[in-house]
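So the structure is just underneath, and the comments pick up after that.
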Amino acid sequence: MIEYDHKKVEKKWQAYWEKNKTFQAVDFSDKEKFYCLVEFPYPSGDGLHVGHPRSYTALDILARKRRMEGFNVLFPMGFDSFGLPSENYAIKTGIHPNVITKENIDKYTKQLKSLGFSFDWDRVFSTTDPGYYKWTQWIFLKLYEKGLAYKQKIPINWCIDCKIGLANEEVVDGCCERCDGEVTKRLIEQWMLKITSYAEKLIQDLDDVQFLDKIKTQQVNWIGRSEGAEVKFSVDSVTKDILVFTTRPDTLFGATFMILSPEHELVSAITTKEQEAVVESYVKESAKKSDLERTELEMEKTGVFTGSYAINPVNNEKIPIWIADYVLISYGTGAIMAVPAHDTRDFNFAQKYGLKIQCINRPVQELAENEGILVEDVLAGKVCWPHEGQCINSSNDADLNINGLNVETAKTKTTQWLEEKGIGKEAINYKLRDWVFSRQRYWGEPIPLIHCHECGWVPVPEQDLPVLLPTVEKYEPTETGESPLAAILDWVNTSCPECGRDARRETDTMPNWAGSSWYFLRYIDPHNDSVFADGKKLGYWMPVDWYNGGMEHTTLHLLYSRFWNKFLYDCGLVPNSEPYLKRTSHGMVLGEGGEKMSKSRDNVINPDEVVERYGADVFRLYEMFIGPFDQAAAWDTKGIVGIDRFLRRLWILFTSSEKIAETHPEKETLRLLHQTIKKVSEDIEKLRLNTAVSQMMIFQNHLSDLNEVPEEVLQNYLILLSPFAPHFAEEINQLWGNQVTMTYKEWLRYDEKLASEEEVEIAVQVNGKLRGSIIIAKDSKEETVSEESRKIKNVNKHIENHTIIKTIYIKNRLINFVIR
RNA sequence: GCCGUGGUGGUGGAACUGGUAGACACGCUAGAUUUAGGAUCUAGUCUCCUCUGGAGGUGCAGGUUCGAGUCCUGUCCGCGGCACCA
């Protein structure tokens, strides 16, 4: 018998596939298309993480199955190569990010190829390729042209010592990761993308796609739509009104004070002389906190009085204006009306600072009792009642009276009144915020705009794209907080494309998210230099039929890329509003202790070592066998030997020619074959690959026990195995004398009749407790089963001397005698 | 804190719409084979007991049901995301 040499065999077939372009996707083929997409990796210096192949193997199995089912499959791969780690490495070593990125991509490519994924490598690209980011810049200019890009002052994390802006990740416990110095917020003008104008569509169109429910829910919750009203409050000391968003306009009569976020534009204008000092220091303090800390419900709320008063528009009462950092500038209008009697946060705040609490909602007696609350306490403002109630104390002299109404009707009536008086209107608010698209960093796509004193912001003309990243000496941001690009004067200084006068380039670059927001479109036409992708090709391949990625990308990346695709659709440039027909997600691969893999924990598994020792097929099978695909799984070095043994037993089974015979399979073997075809086929569609592998093991255990193995059964087995262990399958196939690849062999169908059992084991229970079991023909009648099961000694023992009140019979499953 | 998700033997996990909990694999125990093995094969392996039988058992506490890992209420813990990591 020949020994299986995984190193030789795998290399051989990888070379074969590459040479023959076995996995090439054909534009406009007559076959039905299938676009199968996995998230492309960021090529980090550490090399491929064992988590990447989890997603790639699963969809590779799917892609291979689809090819065998006769589809024209597009299964591409690329690299998301702009990003902080490469830039930080450049800062540390002075090596250009281009150099290190190229090295990393080469390493990743080699690693990915060593795993035998059926990618169409002719379509590979990186987001850092000028030929690619030319079109990222072009799409940005489209957004700009359509008014979806604008500048706004946004707070960023600012390290006072390093004088640079920091990513959230670089802020550790409120301090700079590098120098441990103090981090504060600093307002910087940033380019923003109006994703909020697509909020409604981003929710609604989820109805048309097959995303896992949990993914849809995350998207919907992230967008966070809420209906309510915008209300204007006038302020005695300034001319400008304060705009407030509330989901409970019906509680206006209970608004006894108002709170502005410390970043609110009117804070300094309305602060009185006496309060100036406290307000200023409070604003400074809260700039140091993160939003997360500020909204922590457990944390004690803090705030200071501004000295000014606003007028409650429903009752003309003077209410004090405070500032407090639990009100965020990024949500709603950055200002709230506080209704302490019916909002717990406002209630705690009012109690702490001795502010008025006015009850305007009488709790329903029963509900209050359930909560252990006395109605009179709520009425007296001693206890907060944030639930449903009946309006009281809610009328004024200006024709508004909502007393006695429930919350819903009171809301509508109040909003109508506000609209009539011109002091408010119905409004929908989203938690979703516009996308901060600027980075003061080097390693990103330059934003292709030029600022001219005469013409303002002017787009770089299309023929001048891409705006290439210039070579710089230093990668640190400048001391002013601008990107390193600002220091390259001969790059920054240019002329205005419109009037020709001296002008300055935008020095901000795009966030890492930009490149990944449209890469699935570029795979369709990766080498096109005159358009981001040919319209006809897009028409053939889009939408993506199945997109798998990490659960950690189900909010941001998914939302951003859906937004860009919808925008391009509205421009008439792509054929579908939704880019992805189906989206699934996989769980992370953790270290052996069940913790995240990291160098510091010293629990990183290097895929190269696993492939070296066991081979790619074992690695692939193990990653599928490790656990349910959508859940996190801990790596287990011991567990992999089980797969190694499985494949070795298969090798023995397939190569022991003395046992293989041209006979017809026995009934049991045939049944198991059809059960296996069924299970493996269905499990692949549901990505339940762990149980698909188990089933193949069960079948292997059976076949290995036979003295005579029918050849046709083995041939079928090999077809089922081939998407999982493609190198192994090709090798056996060739040993059997076949000269062509298995890639386009026909996938199997199962016969339901042959797959079904003739006899079943039925559990016999007495009062729900298992007392025995019988084996009986499938679909037997109740009487037969009842009769047979009562013959069991142990069952009879429990039944005799009792009356059977009820018999429950579940066909082919169990019978339960309920006795007294 | 908010949104999402999960908790089953010594371990990874299986269990269709409520119907025999522990498939498959690792590990462990015993045996066979081998000069040897971290190789291979065979058998056993949820716990406890008064052991041809019985009791308990799916994070914890309750509930619904003839019957609950699965449904309901409450609670604890782990994991992912929280907008400048990708």
Side-chain angles (χ1 to χ4, degrees), chain A residues 39-42 44 80 82-85 154 156-157 165-171 190 195 213-215 217-218 220-222 224 290-299 330 431-441 444 511-513 516 550-557 559-560 585 587-588 590 594-596 622 625-628 630-643 645-646 648-649 652 688 690-691 693-698 701 761-773 793-794 797 805-819:
Chain A
E39 285 169 350
F40 61 169
Y42 173 79
S44 75
D80 189 13
F82 276 124
L84 269 188
I154 289 289
I156 65 162
N157 300 312
L166 299 177
N168 288 341
E169 201 191 42
E170 297 173 299
V171 181
Q190 309 268 33
I195 189 173
D213 281 342
K214 61 177 174 183
I215 297 175
T217 311
Q218 282 280 41
V220 169
N221 290 346
W222 183 262
S290 71
D291 285 4
L292 221 64
E293 291 171 88
R294 284 169 51 165
T295 51
E296 191 103 30
L297 218 53
E298 306 290 294
M299 277 255 292
S330 47
K431 247 188 250 152
L432 178 70
R433 317 201 287 253
D434 276 342
W435 178 2
V436 185
F437 202 67
S438 282
R439 299 289 183 272
Q440 289 71 46
R441 287 286 189 160
N512 174 267
W513 306 104
S516 58
M551 201 55 205
E552 67 272 24
H553 295 120
T554 43
T555 45
L556 294 176
H557 160 64
L559 209 61
Y560 291 153
S585 61
M588 299 200 341
L590 305 170
E595 285 180 303
K596 208 169 187 162
Y622 174 65
F625 190 64
I626 195 168
D630 59 342
Q631 280 166 41
W635 188 270
D636 179 13
T637 302
K638 279 180 190 158
I640 203 166
V641 310
I643 296 289
R645 284 176 200 158
F646 168 56
R648 289 228 292 265
R649 284 178 201 137
I652 292 166
R688 301 202 323 194
N690 52 335
T691 48
V693 175
S694 307
Q695 182 64 34
M696 289 194 285
M697 287 174 169
I698 291 169
N701 284 338
E761 192 181 359
I762 292 183
V764 183
Q765 297 182 342
V766 179
N767 275 359
K769 292 208 188 280
L770 186 70
R771 298 300 176 196
S773 70
K793 222 196 274 168
N794 193 37
K797 193 172 95 188
I805 343 175
K806 202 157 76 171
T807 306
I808 291 146
Y809 175 59
I810 309 291
K811 203 159 99 181
N812 301 328
R813 286 267 162 203
L814 71 83
I815 187 158
N816 184 11
F817 300 105
V818 184
I819 57 161

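The chains referred to below are lettered A, B, ... by the order of the sequence lines, with proteins before strands, and numbering in each begins at 1. If you're wondering where the values come from, they're calculated on a predicted model, not measured in any experiment.
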Closest to the H553(A) side chain: rC24(B), rA15(B), rA86(B)?
rA86(B)
What's the closest nucleotide to the R648(A) side chain, out of rA39(B), rC66(B), rC24(B)?
rA39(B)
Have a look at rG9(B) and give me syn or anti from its glycosidic angle (syn if within 90° of zero).
syn
Out of rC84(B), rA25(B), rG27(B), minimum distance to the side chain of V641(A) belongs to rG27(B)
Minimum heavy-atom distance N816(A)-N767(A), with the two atoms named
OD1-N, 3.4 Å
Using the glycosidic torsion, which applies to rC16(B): syn (within 90° of 0) or anti (everything else)?
anti
Side-chain atoms of N794(A) come closest, of rA15(B), rC26(B), rG54(B), to rG54(B)
Taking NZ, NE, NH1 and NH2 as the nitrogens, is one of them in R441(A) or E170(A) under 4.0 Å from a carboxylate oxygen of the other?
yes
For the side chain of F625(A), counting heavy atoms from C-beta on, which of rA25(B), rC16(B), rG4(B) is nearest?
rA25(B)
From the candidates rC66(B), rA25(B), rA14(B), the one with an atom nearest any side-chain atom of T691(A) is rA14(B)
Nucleotide nearest R645(A) (side chain, heavy atoms from C-beta), chosen from rC24(B), rU40(B), rC84(B)
rU40(B)
Which of these nucleotides, rA83(B), rA23(B), rU5(B), is closest to any side-chain atom of I698(A)?
rA23(B)
Given the P atoms of rG53(B) and rA36(B), what is the spacing between them in whole Å?
43 Å
Q218(A) CD to rC82(B) P: how many Å, rounded?
11 Å
